[in-house]
Amino acid sequence: MALVTVDELLERAEKGGYAVGAFNANNMEIVQAIMTAAEKEQAPVIMQASQGAIKYAGLTFLTGLVKLAAESSRVPIALHLDHGTDFEQVIRCIRSGFTSVMYDGSKLPLEENIAMSKKVLEIARPIGVSVEAELGKIGGTEDDIHVSEKEAMYTDPEEAKYFVEQTGIKSLAVAIGTAHGQYKGEPRLDLERLQKIKSLVNIPIVLHGSSGVPDETIQQAIKLGVRKVNIDTNIREAFVGAMRQVMSEKPKEIDPRQILGPAREVAIETIRQKIRVFGSSERAW
Ligand code: G3H
Ligand code: 13P
Ligand code: ZN
């Protein structure tokens with residue numbers, strides 16, 4: 001089927017009380033793994049491209065791969081820009097065929113973040129492209145920060161209410177204790193804060209940095225209103241782990257397909273397991 005929008009996927013997820021997996025698409029094998037996992041689970045799915053992925057694969061190739069996956073698939077797939085920080089790149093992605101973009105103005109002062117998110121919405125909404133914004137700072141696990149500093153980075157619920165009122169945004173990424181990359185210890189999520197945010201904004205909430213967060217915690221967050229769960233690191237770990245295994249077992253192997261093929265299989269299983277945790281199996285239409 002043709003690509004769908006993230007807004008449509010999240011509206012359905014809101015009604016159904018589940019979350020849609022947003023998996024980072026970095027190369028052909030991972031695009032195929034996301035598609036196959038979604039088909040096996042009969043799940044709607046979001047393929048997202050980061051600025052790094054676009055730099056690596058090229059916008060045309062990445063868009064082409066995901067469009068092809070959607071068109072040859074029987075499940076709904078959306079193509080989303082992950083952490084777009086450059087307005088012109090956001091526009092290029094929309095022109096290229098993305099059905100959703102994230103404008104990440106989280107490092108900007110509040111009023112500038114509002115102004116830029118509105119500017120993207122004014123362009124995207126009339127042509128049916130979804131927009132995700134971010135409020136609060138989702139760190140990296142490599143960031144060595146103290147608890148008091150973490151508090152300052154978290155999304156303020158009242159500010160979230162103001163942000164949504166001012167922008168009219170339909171989905172919002174929040175900082176409640178997750179971080180991008182591999183966690184050093186057990187991540188602690190501020191679920192009370194999430195509950196407060198949801199009670200004030202009542203739109204689908206997006207959870208970034210979800211790799212390494214225990215399944216039960218993710219499910220609690222979904223109960224409290226998270227409708228899009230971003231996963232990249234766990235796919236990287238599975239994919240590269242399988243590549244390493246083949247290369248250590250067969251050090252003389254020179255056929256990339258013999259290394260990437262098993263990696264793709266392992267990635268499929270990782271993604272299927274996430275889809276089940278998010279409750280989106282059998283939600284395709
Ligand atoms: O949110 C971050 C994603 O994991 C993308 O990472 O910029 O290395 O592609 P990347
Ligand atoms: P992880 O790599 O921690 O899963 O985060 C992914 C993400 O948030 C992409 O935007
Ligand atoms: Zn992210």
Side-chain angles (χ1 to χ4, degrees), residues 1-25 30-50 66-67 69-70 73-84 98-102 104 124 128-134 138 169-174 176 178 189 194 197-198 201-211 213 215 217-235 267-285:
M1 58 196 284
L3 283 167
V4 299
T5 66
V6 167
D7 281 352
E8 178 173 11
L9 295 182
L10 302 193
E11 269 162 36
R12 287 172 182 258
E14 189 77 50
K15 286 191 192 119
Y18 60 93
V20 181
F23 302 104
N24 283 70
I30 293 176
V31 168
Q32 290 172 326
I34 302 167
M35 183 191 95
T36 306
E39 286 194 327
K40 287 193 169 166
E41 291 299 323
Q42 280 303 295
V45 79
I46 298 160
M47 297 201 191
Q48 55 187 12
S50 69
V66 178
K67 273 190 186 165
S73 163
R74 299 176 303 279
V75 295
I77 297 175
L79 171 56
H80 174 77
L81 170 65
D82 189 28
H83 293 285
F98 281 49
T99 51
S100 174
V101 289
M102 173 184 191
D104 179 356
V129 171
S130 314
V131 182
E132 173 186 330
E134 178 174 325
I138 300 157
I169 205 81
K170 291 267 187 60
S171 64
L172 184 67
V174 295
I176 55 163
T178 57
L189 269 60
L194 170 62
I197 295 169
K198 182 70 180 182
V201 304
N202 203 25
I203 58 169
I205 302 295
V206 181
L207 194 65
H208 283 246
S210 308
S211 295
V213 180
D215 293 348
T217 310
I218 296 275
Q219 283 171 337
Q220 278 176 298
I222 293 171
K223 278 207 183 86
L224 296 174
V226 164
R227 299 289 168 242
K228 173 173 177 280
V229 181
N230 285 14
I231 298 282
D232 186 8
T233 299
N234 282 158
I235 302 174
I268 292 170
E269 288 317 309
T270 300
I271 297 163
R272 285 189 73 175
Q273 192 267 339
K274 296 290 178 191
I275 288 173
R276 287 187 216 123
V277 169
F278 305 160
S280 50
S281 299
E282 309 299 333
R283 301 285 189 168
W285 62 88

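Side chain to side chain, Asp215 and Gln273 meet the donor-acceptor criterion of an N or O pair below 3.5 Å. Ser100 and Glu132 are not linked by any side-chain donor-acceptor pair at a separation below 3.5 angstrom, with hydrogens and angles left out of the test.
Checked for salt-bridge contact, Glu8 and Arg12 meet the test: a charged N lies under 4.0 Å from a carboxylate O.
Side chain of Gln219 to main chain of Val277: a donor-acceptor pair is present (N/O by atom type, distance under 3.5 Å, no hydrogens or angles). In terms of modelled atom types and a separation under 3.5 Å, the side chain of Arg227 and the main chain of Val206 share no donor-acceptor contact. Here the side chain of Thr178 pairs no donor or acceptor atom with the backbone of Ser210 at under 3.5 angstrom. For the pair Thr5 (side chain) and Val129 (backbone), a donor-acceptor distance under 3.5 Å is absent.
Pairing each heavy atom of Ala173 with each of Met102, the nearest pair is CB-CE, 4.1 Å. Across Ser280 and Pro44, no two heavy atoms sit closer than the pair O-CD, 3.5 Å. Here the shortest heavy-atom pairing between Ala19 and Val226 reads CB-O, 3.7 Å. Nearest heavy-atom pair across Thr233 and Ser211 is N-OG, 3.3 Å. When all heavy atoms of Asn24 and Ile34 are compared, the closest pair comes out as O-CD1, 4.1 Å.
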Going through the checks in order, is the side chain to side chain donor-acceptor pair (under 3.5 Å) test met by Ser73 and Glu39?
-> CA-CA 7 Å; Ser73 163; Glu39 286 194 327; 3.2 Å; yes
Take Phe23 and Thr270, measure what side chain to side chain contact (heavy atoms under 4.5 Å, CB included) needs, and give me the verdict at the end.
-> CA-CA 11 Å; Phe23 302 104; Thr270 300; over 6 Å; no
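His80 meets the ring pair (Phe, Tyr, Trp, His ring centres under 6.0 Å) test with no other residue; sequence neighbours excluded. For Lys198, the salt bridge (charged side-chain N to carboxylate O under 4.0 Å, His left out) criterion is met by Glu14, not counting sequence neighbours. Residues that satisfy the salt bridge (charged side-chain N to carboxylate O under 4.0 Å, His left out) test with Glu134, not counting sequence neighbours, are absent from this structure.
Using bins of under 30°, 30° to 60° and over 60° for the plane-to-plane angle, the ring pair His208/His83 lands in the perpendicular bin.
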